[in-house]
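Basis for what follows: all heavy atoms, side chains included, without hydrogens, waters or symmetry-related copies. Quick caveat: nothing in here was measured; it's all calculated off a predicted structure.
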Amino acid sequence: MKNLRLSIHSREHLWLREIFISQRQALGLSQRALCEKMGVVSYFVGKIETGDRRLDVLEFIKYCEALELNASKLILEIQERFG
């Protein structure tokens, strides 16, 4: 993660999106159901999963909570993998 302005299509972002998608599916949630759970517009999750939109740090935490993921552990894993 040397370049601060990473592309949304970088390996780091692709990996993170795969984690989000697989966890959503493991929970048995559709994109729409996750949006409803989070109280956001119906296309929000789709934009995240396709890489059309990034999450800021506060959104990232809420997104992880909705997916029952530990945001801190996920950040540590990102640092370990891509540091």
Next item on the list: Would you mind listing every side chain to side chain donor-acceptor pair (under 3.5 Å) that reaches into residues 33-43, with sequence neighbours excluded?
Entry: none
Notebook entry, point to check: If Ile, Leu, Val, Met, Phe, Trp and Tyr residues are connected whenever their side-chain heavy atoms lie under 4.5 Å apart, and connections chain through other members, are Ile21 and Ile78 in the same group?
Noted result: no
Next item on the list: Determine whether Phe20 and Trp15 fall in the same hydrophobic cluster, where Ile, Leu, Val, Met, Phe, Trp and Tyr are linked whenever their side-chain heavy atoms lie under 4.5 Å apart.
Entry: yes
Check: Excluding sequence neighbours, so at least two apart, what forms side chain to side chain donor-acceptor pair (under 3.5 Å) with Thr50?
Finding: Asp52
Item checked: Partners meeting side chain to side chain contact (heavy atoms under 4.5 Å, CB included) with Arg53 (sequence neighbours left out) -> Phe44, Lys47, Ile48, Leu55, Glu59
Check: Excluding sequence neighbours, so at least two apart, what forms side chain to side chain donor-acceptor pair (under 3.5 Å) with Gln31?
Finding: Glu49
Check: Partners of Arg32 by side chain to side chain donor-acceptor pair (under 3.5 Å), sequence neighbours excluded?
Finding: none
Checklist line | Spatial distance of atom CD (Glu18) from atom CG (Leu16) [nearest 0.5 Å] | finding: 9.5 Å
Next item on the list: Mind listing the closest non-hydrogen atom pair of Cys35 and Val41 along with its distance?
Entry: SG-O, 3.3 Å
Identify every side-chain donor-acceptor pair in residues 60-74 under 3.5 Å, counting partners at least two apart or on other chains, and give the distances.
{"unit_1": "Asn70", "atom_1": "OD1", "unit_2": "Ser72", "atom_2": "N", "d": "3.0"}
{"unit_1": "Asn70", "atom_1": "OD1", "unit_2": "Lys73", "atom_2": "N", "d": "2.9"}

Checklist line | Phe82 reachable from Ile75 in the ILVMFWY side-chain graph, under 4.5 Å edges | finding: yes
